[in-house]
Amino acid sequence: MRLRGLAEIEFLIKESEVLTGQAGRVFVISGADKLSYRVRWHPMVIEVERLDSTGAVIDTQHLPPHDFATHSVVEALTAGQLYTAPVQTRH
């Protein structure tokens with residue numbers, strides 16, 4: 001599903017954490033590379049992990065909220081290229 005606003009990122013992360021019990025949520029930047037990031041939202045810092053094609057962490061950044069606004073995840077959101085999968089829960 002395509003994201004439309006910055007507040008939606010925080011909401012979707014928290015939704016995923018509540019429904020799955022796992023920290024963070026994976027977002028994908030559409031394009032030739034289909035870059036994947038796991039984002040964890042904390043009040044004072046946002047943790048952004050760049051993932052490879054297998055889901056392994058390549059790089060981790062810890063950003064204050066004002067710096068996250070200039071991250072490529074947010075740039076993709078602004079360009080209409082940021083997506084996330086619906087939360088899968090087990091019943």
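Positions are given from 1 along the sequence.
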Side-chain (S16) to main-chain (I13) donor-acceptor, under 3.5 angstrom: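 Such a contact is absent between S16 side chain and I13 backbone.
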
Polar side-chain atom of E47 near backbone of H62 as donor-acceptor pair, under 3.5 Å: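 Judged by distance alone, no pair lies under 3.5 Å.
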
Are [Y] and [X] linked, directly or through intermediate hydrophobic residues, by side-chain heavy-atom contacts shorter than 4.5 Å (ILVMFWY only)?
X	Y	value
W41	L63	yes
I29	V48	yes
I9	Y83	no

Fellow cluster residues of V28, listed by chain then number, with links counted only when side-chain atoms sit under 4.5 Å apart: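 Direct or chained contacts put V28 with none.
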
Counting C-beta onward and ignoring hydrogens, is there a side-chain heavy-atom pair between V57 and R38 closer than 4.5 Å?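 V57 reaches R38 side chain to side chain.
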
If you measure from [atom1] on [X] to [atom2] on [Y], what distance do you get to the nearest 0.5 Å?
X	Y	atom1	atom2	result
R50	S72	CZ	OG	8.5 Å
T60	L51	OG1	CG	8.5 Å
D52	L35	CG	CG	11.5 Å
S53	I58	OG	CD1	8.0 Å
L3	L77	CG	CG	6.0 Å
F27	L12	CZ	CG	5.5 Å

Quick check on M1: does its CE atom have over 12 non-hydrogen neighbours (other residues, nucleotides or ligands) under 6.0 Å away?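 Counting neighbours around CE of M1, more than 12 heavy atoms of other residues, nucleotides or ligands fall under 6.0 Å, so yes.
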
Charged N-O contact under 4.0 Å between E15 and R25: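 A salt bridge is present here (some side-chain N lies under 4.0 Å from a carboxylate O).
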
How close do V39 and I46 get, counting heavy atoms only, and between which atoms?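 Smallest interatomic distance, heavy atoms only, reads CG1-CG2, 3.6 Å.
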
Between F68 and L6, what is the shortest heavy-atom contact and its length?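 Closest heavy-atom pair between F68 and L6: CE2-CD1, 4.0 Å.
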
Under the criterion side-chain contact (heavy atoms from CB on, under 4.5 Å), I'd like the reasoning laid out for E49 against R40: C-alpha separation, chi angles, the key distance, then a yes or no. CA-CA 9 Å; E49 297 175 327; R40 294 182 176 130; 3.2 Å; yes

